[in-house]
**Student:** 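Pasting a structure below so you can have a look.
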Amino acid sequence: MSHEAPAPISNFIRQVIDADLASGKHASIVTRFPPEPNGYLHVGHAKSICLNFGLAEDYTGLCNLRMDDTNPEKEEDEYIAAIQEDVQWLGYQWQGEVRYASNYFDQLYAYAEELIVAGKAYVDDLTPEEMRQYRGNLNEPGKESPYRSRTPDENLTLFRQMRDGAFADGSKTLRVKIDMASGNINLRDPVIYRIRRATHHQTGDKWCIYPMYDYTHCISDALEGITHSLCTLEFEDHRPLYDWVLNNITIPAHPQQIEFSRLELLSVVTSKRKLRQLVEEHLVTGWDDPRMPTISGMRRRGYSPEGIRLFAQRAGVSKTPNVVDFASLEGAVRETLEEASPRVIAVLDPIKVTLTNFEPGVTGSRSAPFHPHHEEWGEREIPLAREIYIEREDFAEVPPPKWQRLTPGGEVRLRYSYVIKCDEVIKDSAGMVVELKCSLDKDTLGQNPVGRKVKGVIHWISAEHAIEAEVRMYDRLFTVARPDAVRGDDGEYVDFKQFMNPASLTVITGYVEPVVRDAAPETRYQFERLGYFVTDRKDHVAGGKPVFNRTVTLKDTWATQGQA
RNA sequence: AGGGGAGUCGCCAAGUUGGUUAAGGCAUCGGAUUUUGAUUCCGACAUGCGAAGGUUCGAAUCCUUCUUCCCCUGCCA
């Protein structure tokens with residue numbers, strides 16, 4: 001794991017680490033990425049992954065991958081496998097084996113008995129409804145449960161019976177005794193164990209009681225020797241509980257929880273619930289649909305791991321709302337692809353052009369480099385023929401001001417080939433341009449025409465040499481910046497699915513150079529002047545009809561300046 | 001009877017032990033180079049740090065008051 005390492009930008013977490021290392025509190029750091037395996041990882045998780053693994057790399061520390069699997073009803077093996085694949089694809093490797101919070105169920109149980117014996121935890125018989133009432137609310141203190149005064153012996157007996165299956169699901173809980181009057185509701189005797197007869201993907205039917213997040217997470221961190229436990233802002237209120245648990249059991253380590261703001265991307269949704277909805281209602285083809293902001297979706301779209309890492313680095317780490325424009329992600333991806341992608345020519349929306357003075361064997365072709373700055377990548381021949389295709393949008397009967405492409409009677413350079421002049425426009429009965437008759441200037445191969453300037457350069461492909469490819473043109477999934485935060489006239493949130501972009505996917509047949517036919521799945525190219533494209537991870541078969549996904553377009557000053 | 005956070009350029013974000021003209025990136029706008037309107041390269045872009053007072057030779061940094069926004073009332077994580 002050695003990535004290009006620009007000088008790290010200071011942030012408040014690095015400052016804490018620097019201080020802890022300087023003071024000798026820690027000799028090195030250990031972080032962890034702790035997803036719950038109940039869904040696919042998305043771009044927000046990518047930030048957390050880059051932060052935790054990136055810090056470990058920068059400080060030559062370690063980073064664990066831990067499945068936070070304390071709720072057997074919501075978690076599945078499918079997600080566990082996908083999470084590992086995503087992390088590795090992003091370019092990171094965890095220390096040792098994958099960890100599971102469920103690995104620690106025995107120890108968690110033992111610590112619970114310790115709390116009971118110390119009189120710091122009790123078995124409660126309150127129903128969920130009663131517990132809610134006893135908890136109070138934001139403006140009123142809670143009141144103590146009538147079961148709070150049970151003796152340690154009684155609690156221990158009851159808790160063991162809970163473990164042994166003597167009670168019905170949900171009939172009892174184990175609570176920790178803190179302060180029902182605390183302003184912090186998390187401290188009003190939080191539940192740390194509940195009874196749930198569910199088969200756990202790791203521990204099977206061994207347990208019918210399962211520990212809660214707040215109780216599990218801090219102990220898991222401590223057991224793994226985590227030094228800095230990074231999480232998002234909504235857990236700030238939980239830190240006192242994190243610390244309380246570790247302070248009240250016999251455990252040698254006490255990691256420091258530090259909270260940072262969660263990443264939000266404009267014009268996407270990142271809540272697991274909403275993403276799941278898109279998948280389950282078949283509004284996308286799956287978790288890895290290239291329009292999804294999931295890591296697997298971005299991968300299939302053609303985003304590079306380097307680009308996502310660059311994006312995460314640029315987004316930064318702070319406690320202020322980290323709402324980043326989608327263009328920032330695309331920009332970072334583009335930036336990494338520019339350097340790394342071979343160039344190839346494709347025409348996606350063709351107009352036929354007949355070169356009237358083409359002479360086989362006389363008017364030849366040139367070879368073209370795969371990358372303007374990488375000679376070592378070599379070249380390939382680009383054959384010219386009497387009939388070629390050019391892009392429909394590169395021709396205008398009535399050109400707007402500053403137009404640099406083809407017009408009736410106008411000239412344009414064919415990339416890597418001759419300058420041509422449009423002599424005749426042929427239309428069908430509906431007025432649609434179906435063919436252009438052009439003549440080429442034989443003195444312009446590899447040199448500029450004399451006596452005049454031809455500024456425009458367009459791409460093209462020989463009709464007889466081109467091969468067909470399925471090309472999936474992706475665009476944003478939503479048409480508004482914050483699809484999940486739009487309120488209607490009644491003040492209620494409008495269903496985010498109302499804002500789905502009907503044009504988020506257009507499948508077309510395009511013409512590409514034959515060299516791409518044998519490309520393996522997940523091979524990236526730049527189609528010159530069009531954008532970056534990748535052979536589909538699932539549907540492209542080397543040697544067959546190519547299937548490409550448009551990753552992102554090239555930056556287009558012409559289009560963005562509101563011309564055309 | 002509430003508790004916990006945050007406000008520095010359109011978007012991120014350095015800066016915090018008070019000290020020259022408030023980093024950097026994204027975006028944007030100019031211009032140069034270019035057989036990709038791409039890339040690359042130059043240049044522009046906060047008399048201003050949520051607001052108002054105050055301390056000081058000097059304040060984004062310290063003090064006071066005010067204000068706006070976010071999170072918390074699962075036997076979810």
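Convention: sequence-line order gives letters A, B, ...; per-chain numbering from 1. Side chains are part of it too, since the values below use all heavy atoms of this structure and drop only hydrogens, waters and symmetry mates.
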**Student:** Tell me whether A/Gln447 at atom CD has more than 12 heavy atoms from other residues, nucleotides or ligands lying less than 6.0 Å away.
**Tutor:**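 Check passes, neighbour count above 12.
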**Student:** Expressed as a whole number of Å, how far does the C1' atom of B/A44 sit from that of B/A27?
**Tutor:**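 These two C1' atoms come out 14 Å apart once rounded.
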**Student:** Could you tell me whether A/Arg196 contacts a base, only the sugar-phosphate backbone, or nothing, with contacts defined as non-hydrogen atoms closer than 4.0 Å?
**Tutor:**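 The answer is base, as A/Arg196 lies within the cut-off (heavy atoms under 4.0 Å) of a base atom.
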**Student:** What nucleic acid atoms does A/Lys172 come within less than 4.0 Å of, heavy atoms only: base, sugar-phosphate, or nothing?
**Tutor:**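 No contact at all - A/Lys172 keeps every heavy atom at 4.0 Å or more from the nucleic acid.
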**Student:** What's the closest nucleotide to the side chain of A/Arg415 if the choices are B/C26, B/U36, B/U73?
**Tutor:**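 So the nucleotide nearest the side chain must be B/U36.
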**Student:** Is it true that, when you exclude A/Lys421 itself, more than 12 heavy atoms of the residues, nucleotides or ligands shown sit nearer than 6.0 Å to its NZ?
**Tutor:**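 Not more than 12 within 6.0 Å, no.
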**Student:** Could you tell me whether A/Arg380 sits above the aromatic face of A/Phe370, with NZ or CZ closer than 6.0 angstrom to the six-membered ring centre and within 45 degrees of the axis?
**Tutor:**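 The answer is yes; both the distance and angle limits are met.
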**Student:** What's A/His217 touching, base or sugar-phosphate or nothing? Going by heavy atoms closer than 4.0 Å.
**Tutor:**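 Nothing, no heavy atom under 4.0 Å.
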**Student:** Is the glycosidic angle of B/G74 within 90° of 0, making it syn, or outside that range, making it anti?
**Tutor:**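 With its glycosidic angle within 90° of zero, B/G74 counts as syn.
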**Student:** State which of B/U35, B/C76, B/A1 makes the closest approach to the side chain of A/Arg188.
**Tutor:**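 Nucleotide nearest to A/Arg188's side chain: B/A1.
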**Student:** Does the pair A/Arg343/A/Glu379 count as a salt bridge with the N-to-O cut at 4.0 Å?
**Tutor:**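 Between A/Glu379 and A/Arg343 there is no salt bridge, as every charged N stays at least 4.0 Å from the carboxylate O atoms.
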**Student:** Measure all distances between protein nitrogen or oxygen atoms and nitrogen or oxygen atoms of nucleotides 14-17 of chain B, and list the pairs falling under 3.5 Å.
**Tutor:**
unit_1: B/A14; atom_1: OP1; unit_2: A/Val317; atom_2: O; d: 3.1
unit_1: B/G15; atom_1: OP1; unit_2: A/Ser10; atom_2: OG; d: 2.6
unit_1: B/G15; atom_1: OP1; unit_2: A/Gln15; atom_2: NE2; d: 2.5

**Student:** Tell me what A/Ala327 touches on the nucleic acid: a base, only sugar-phosphate, or nothing, going by heavy atoms under 4.0 Å.
**Tutor:**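 No contact at all - A/Ala327 keeps every heavy atom at 4.0 Å or more from the nucleic acid.
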**Student:** Which part of the nucleic acid, if any, lies within reach of A/Met131 when heavy atoms closer than 4.0 Å are counted: base, sugar-phosphate only, or nothing?
**Tutor:**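 Base, at least one base atom sits under 4.0 Å.
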**Student:** Could you check whether A/Asp484 pairs with A/Arg273 (Lys NZ or Arg NE/NH1/NH2 to Asp/Glu carboxylate O, under 4.0 Å)?
**Tutor:**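 Salt bridge between A/Asp484 and A/Arg273, a charged N being under 4.0 Å from a carboxylate O: no.
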**Student:** Show me the dot-bracket string of RNA chain B, counting Watson-Crick or G-U pairs under 3.5 Å, with | for pairs to another strand and [ ] for crossing ones.
**Tutor:** .(((((((.[[[..)...(....]]].(((((.......))))).....[[[[[..)....]]]]])))))).....
**Student:** Polar atoms only, N or O, under 3.5 Å: list the protein pairs with nucleotides 37-39 of chain B and their distances.
**Tutor:**
unit_1: B/G37; atom_1: OP1; unit_2: A/Arg529; atom_2: NH1; d: 2.7
unit_1: B/G37; atom_1: O2'; unit_2: A/Trp558; atom_2: N; d: 3.3
unit_1: B/G37; atom_1: N7; unit_2: A/Arg405; atom_2: NE; d: 3.0
unit_1: B/G37; atom_1: N7; unit_2: A/Arg405; atom_2: NH2; d: 2.7
unit_1: B/G37; atom_1: O6; unit_2: A/Gln404; atom_2: N; d: 3.1
unit_1: B/G37; atom_1: O6; unit_2: A/Arg405; atom_2: NE; d: 3.4
unit_1: B/G37; atom_1: N1; unit_2: A/Lys402; atom_2: O; d: 3.0
unit_1: B/G37; atom_1: N2; unit_2: A/Lys402; atom_2: O; d: 3.2
unit_1: B/G37; atom_1: N2; unit_2: A/Gln404; atom_2: NE2; d: 2.8
unit_1: B/G37; atom_1: N3; unit_2: A/Gln404; atom_2: NE2; d: 3.4
unit_1: B/A38; atom_1: OP1; unit_2: A/Thr557; atom_2: OG1; d: 2.4
unit_1: B/U39; atom_1: OP1; unit_2: A/Lys555; atom_2: NZ; d: 3.2
unit_1: B/U39; atom_1: O2'; unit_2: A/Glu338; atom_2: OE2; d: 2.9

**Student:** Looking at the base of B/G4, is there any donor atom on it, or on the side chain of A/Asn184, that sits under 3.5 Å from an acceptor on the other one?
**Tutor:**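 Check fails, no donor-acceptor contact within cut-off.
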